[in-house]
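Notes follow the structure.
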Protein chains: 2
Amino acid sequence: MFSKSCEYAIRAVIFICTKNEENKVVKIQEIAEAIGAPVYYTSKILQQLCRLKLMGSLKGQNGGFYMGLEHKEIRLIDIVQAIDGDKIFNGCALGLSQCSERNPCPLHAQFKSIRKELKEMLESTTILDLSLNLLKGKTTLKKLNGIIK
Amino acid sequence: MFSKSCEYAIRAVIFICTKNEENKVVKIQEIAEAIGAPVYYTSKILQQLCRLKLMGSLKGQNGGFYMGLEHKEIRLIDIVQAIDGDKIFNGCALGLSQCSERNPCPLHAQFKSIRKELKEMLESTTILDLSLNLLKGKTTLKKLNGIIK
DNA sequence: TTAAATCATGTTTTCTAAATCGTGTGAATA
DNA sequence: TATTCACACGATTTAGAAAACATGATTTAA
Ligand code: FES
Ligand code: FES
């Protein structure tokens with residue numbers, strides 16, 4: 001569904017968003033630990049999001065990543081598009097070079113409604129929503145035993 | 001969504017099914033050409049399906065692959081599970097080691113309904129259905145220009 | 001009976017996503 | 001101003017999926 005990079009990205013922004021309640025920046029070490037992802041790899045992904053202004057960063061001592069007021073409206077679809085592009089929206093379910101109404105693959109009709117539902121979900125869900133549930137302890141970013149792999 | 005192997009598998013079985021109308025076995029060369037996939041790779045995938053009795057094969061001259069009466073009821077879900085396992089049904093959207101109701105990730109609730117719809121689609125769709133539409137020319141397994149990539 | 005055709009199987013190579021490394025740059029603080 | 005901390009960025013390495021190869025086994029037809 002999503003690439004590994006995209007999964008890490010989503011997990012990371014949700015986590016950072018929970019910390020932002022306290023108006024703090026979060027160090028990459030802490031982020032990576034919290035979401036169970038490789039440190040260097042995670043930092044690469046977050047830098048990409050920073051370039052696209054989907055989040056912010058501060059260098060130097062007391063530096064880190066943050067999601068401020070200007071990022072409160074970021075939605076899942078923004079993260080997914082930033083990392084995975086829009087292949088999940090216009091890619092063919094059977095791998096034809098492109099999905100088209102004009103030349104549909106045998107699965108096109110059935111796939112269409114699923115993709116629509118997925119898209120609507122990604123468009124309507126904000127990172128903030130997800131982070132609030134995480135704060136309330138309703139959801140988790142790690143398995144209880146701590147192993148994510 | 002699906003692995004490349006799985007995409008090839010689905011395209012192949014649909015194609016073979018159309019030929020079965022004429023009660024013929026189809027050579028791997030013809031199959032690979034028709035679905036725009038690498039010959040050796042495709043044969044490996046089909047052999048896997050044969051072992052699981054999801055299709056049949058004949059060796060020797062005039063040999064090839066076929067889908068007979070005993071395979072008329074094969075559904076998309078059978079192919080997908082044979083090749084990709086059931087990670088698309090019990091894998092977590094955010095890559096946690098496992099999807100669970102007990103310890104849901106932040107996307108679990110939203111993802112659940114989409115996965116349900118996908119599963120129902122795969123369960124209810126037979127390869128035969130898809131092949132009939134292909135025969136009628138309503139759908140295609142290749143882009144018109146022949147390039148699938 | 002022999003040769004050609006075709007699937008079966010194990011091994012090797014290639015390609016790309018994923019992960020790591022090394023060095024640079026900016027900011028805080030002493 | 002010097003030192004240290006933390007992100008930025010390009011380059012490299014690793015791992016696993018995808019693709020190709022080589023050889024074996026089985027059937028048909030000449
Ligand atoms: S053409 Fe395959 S999903 Fe649209
Ligand atoms: S726990 Fe992530 S989708 Fe169910």
Side-chain angles (χ1 to χ4, degrees), chain A residues 1-13 16 19 24-33 35-68 80 82-85 87-88 91 94-95 148-149, chain B residues 1-13 16 19 24-33 35-68 83-85 87-88 91 94-95 148-149:
Chain A
M1 178 70 63
F2 306 125
S3 70
K4 213 116 193 61
S5 297
C6 194
E7 291 173 357
Y8 291 155
I10 296 172
R11 301 221 295 263
V13 292
I16 296 169
K19 290 300 175 175
K24 288 201 307 188
V25 299
V26 197
K27 284 187 294 188
I28 185 62
Q29 295 284 350
E30 183 181 352
I31 297 168
E33 207 284 323
I35 68 174
V39 176
Y40 290 114
Y41 194 50
T42 307
S43 77
K44 274 236 140 94
I45 296 167
L46 296 190
Q47 281 158 25
Q48 202 174 336
L49 297 181
C50 284
R51 279 194 290 272
L52 293 169
K53 310 286 185 198
L54 294 177
M55 55 186 299
S57 70
L58 285 178
K59 283 187 183 177
Q61 230 161 6
N62 307 326
F65 295 92
Y66 65 89
M67 297 197 67
V80 171
I83 305 295
D84 282 350
K87 66 171 188 289
I88 63 169
L94 295 188
I148 293 201
K149 168 86 173 300
Chain B
M1 177 71 60
F2 306 125
S3 69
K4 214 117 193 59
S5 298
C6 193
E7 291 173 357
Y8 290 155
I10 296 172
R11 301 220 296 262
V13 293
I16 296 170
K19 290 300 174 174
K24 287 200 306 187
V25 299
V26 198
K27 285 186 295 188
I28 186 62
Q29 296 283 349
E30 183 181 352
I31 296 167
E33 206 284 322
I35 68 174
V39 177
Y40 290 112
Y41 194 51
T42 307
S43 77
K44 273 237 143 85
I45 295 165
L46 296 190
Q47 283 156 23
Q48 202 173 338
L49 297 180
C50 285
R51 278 195 291 273
L52 294 169
K53 311 286 184 197
L54 294 176
M55 56 185 301
S57 70
L58 286 177
K59 283 185 181 177
Q61 228 163 6
N62 307 324
F65 296 90
Y66 65 91
M67 296 196 69
I83 305 296
D84 281 351
K87 66 171 188 287
I88 63 170
L94 294 189
I148 293 202
K149 167 97 171 296

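Predicted, not measured: the structure shown is a model, and the values here were computed from it.
- Computed from coordinates, the A:E30 CD to D:dC5 P distance equals 17 Å when rounded to whole Å.
- A heavy-atom distance below 4.5 Å is not found between the side chains of A:F2 and A:I83.
- Within the model, atoms CD1 of B:I16 and CG of B:L46 stand 5.0 Å from one another, a figure rounded to the nearest 0.5 Å.
- Surrounding NZ of B:K53 are at most 12 heavy atoms belonging to other residues, nucleotides or ligands under 6.0 Å away.
- Counting only distance, with no hydrogens or angles, the side chain of B:D84 and the backbone of B:C6 share no donor-acceptor pair below 3.5 Å.
- The shortest side-chain heavy-atom distance between B:F65 and B:I28 falls under the 4.5 Å cut-off.
- At the phosphate of D:dA29, OP1 or OP2 sits under 4.0 Å from a side-chain N or O atom of B:N62.
- Close to C:dA8, at under 4.0 Å from its OP1 or OP2, lies a side-chain N or O of B:S57.
- B:Y40 meets the ring-ring contact (aromatic ring centres under 6.0 Å, His included) test with no other residue; sequence neighbours excluded.
- Within residues 46-55 of chain B, no residue has a heavy atom under 4.0 Å from DNA chain D.
- For A:Q48, the CD atom counts as densely surrounded, since its 6.0 Å shell holds more than 12 non-hydrogen atoms of other residues, nucleotides or ligands.
- At whole-Å resolution of the value, CD1 in A:I28 and P in D:dC9 are 14 Å apart.
- Rounded to whole Å, the distance from CZ on B:F65 to C1' on C:dA5 is 14 Å.
- We find the SG-CD1 distance between A:C50 and A:I45 to be 12.0 Å, quoted to the nearest 0.5 Å.
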Per-nucleotide protein contact along nucleotides 18-27 of chain D, 5' to 3', at a 4.0 Å heavy-atom cut-off (B base, S sugar-phosphate only, - neither), is SBBB----BB

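- Spacing between atom CZ of A:F2 and atom P of C:dA17 amounts to 18 Å, rounded to whole angstrom units.
- Atom CG in B:D84 sits about 17 Å away from atom P in D:dG16, given to the nearest Å.
- As a whole-Å value, the separation of B:Q29 CD from C:dA8 P is 14 Å.
- Between A:V26 and A:Y66 there is no side-chain heavy-atom pair separated by less than 4.5 Å.
- As a whole-Å value, the separation of A:I45 CD1 from D:dC7 C1' is 15 Å.
- Distance A:K27 NZ to C:dA28 P: 15 Å, rounded to the nearest Å.
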